[in-house]
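These notes concern the structure reproduced below.
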Amino acid sequence: MYQLLDGKALSKTIKEEIAREVSAITAEGGRPPHLAAVLIGEDPASQAYVRSKVRSCEQVGFQSSLIRRPADISQEELMQIVRELNENPDIDGFIVQLPLPAHLDEDEVLLAIAPEKDVDGFHPMNVGLMALGMPRYLPATPYGILQMLERYEIPTEGKDCLIIGRSNIVGTPLSLLLSRKGYPGNCTVTLAHSRTQNLPELARRADILVAAIGRPHMITADMVKEGAVVIDVGINRVEDPTAKRGYRLVGDVDFEAVAPKCSYITPVPGGVGLMTVVSLLLNTLKAFKLRCQPEMQA
Ligand code: GUN
């Protein structure tokens, strides 16, 4: 029988831990940590993610600010927002929700974010620190996956790990983190992508399989080894006329068929997505400590 990696329960536990820390800070007369989120345009998924981030801030007692601008904002206007957030002493960390509308230069925006406020961990400085084993802010989704492995005490040393998808925000950083020394880590990592050959064969060898492709139900039961740990990063909207909103969320893994073969598996929804948001809160708490309590070395 498989065990569910329950992002709902785990994120609740970690949020309670964060809330206790925030209470202790404010009880001593300090201000709470403050996260700002920049949302450009009307992309429904991005709106939902940002709403969830803001709501989570409220749950743990953080202050949050949402900066919304229309999709036709100019690059210069957006750069000005980033500069103001960099300089605003009341804000500990901020994120610019991706993807940005096509006319905007994402790289230029991410490069302009002050690395010490980059709680998404997307700035090259933070990516470099992570790659060299000197982590400061880990990107939220990989960080959430590490916490799941750790809190469920899933052995990783020497395991064959296949990560499918080489994005800058999930697959590539996770491949670095799981191959580094320590726990969770010490895996033998393979990073698969759209040009990979024999994917099913590689997948069947994996002790730990991470699907971060963005294709509904791509991972089928025949691709999964008996006893594998399966982490599903996909959050895909598929049409469903019987659902209230006309769609439902499904992962990259065909959960019903795959779960019986697994030792552990994450559900969608209720898995990695919730851990991503918690990781952002942890990074924001860290940013706050680095700014306000530097002696604590957060
Ligand atoms: N878009 C998808 N995931 C993320 C994330 O973790 N951070 C930001 N800023 N945008 C995203």
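Both ligands and their constituent atoms are indexed starting at 1 by order of listing. Since the structure is predicted, the reported quantities are computational estimates derived from the model, not experimental observations.
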Is the closest heavy atom of Tyr49 to ligand 1 under 4.0 Å? no
Top protein contact for atom 2 (C) of ligand 1, by heavy-atom distance: Ile169 CD1, 3.8 Å
Of the listed options Glu106, Lys53, Gln97, closest to atom 11 (C) of ligand 1 (non-hydrogen atoms): Gln97
The closest protein heavy-atom partner of atom 1 (N) of ligand 1 is Leu98 O, 2.9 Å
May I ask you to say whether Glu42 pairs ionically with Arg68, meaning some side-chain N is under 4.0 Å from a carboxylate O? yes
In ligand 1, which numbered atoms sit nearer than 4.0 Å to a non-hydrogen atom of Phe122? 5 (C), 6 (O), 7 (N), 8 (C), 9 (N)
Residues Arg291, Asp92: salt bridge by 4.0 Å N-O rule: yes
At what distance is the nearest protein heavy atom to atom 9 (N) of ligand 1, and which residue and atom is it? Asp120 OD2, 2.6 Å
Side-chain ion pair, Asp240 and Arg248, N-O less than 4.0 Å: yes
Answer yes when Lys12 and Glu16 have at least one side-chain N-carboxylate O distance shorter than 4.0 Å, and no when they do not. yes
Taking only Lys NZ, Arg NE, NH1 and NH2, and the carboxylate oxygens of Asp or Glu, determine whether Arg83 and Glu76 approach each other closer than 4.0 Å. yes
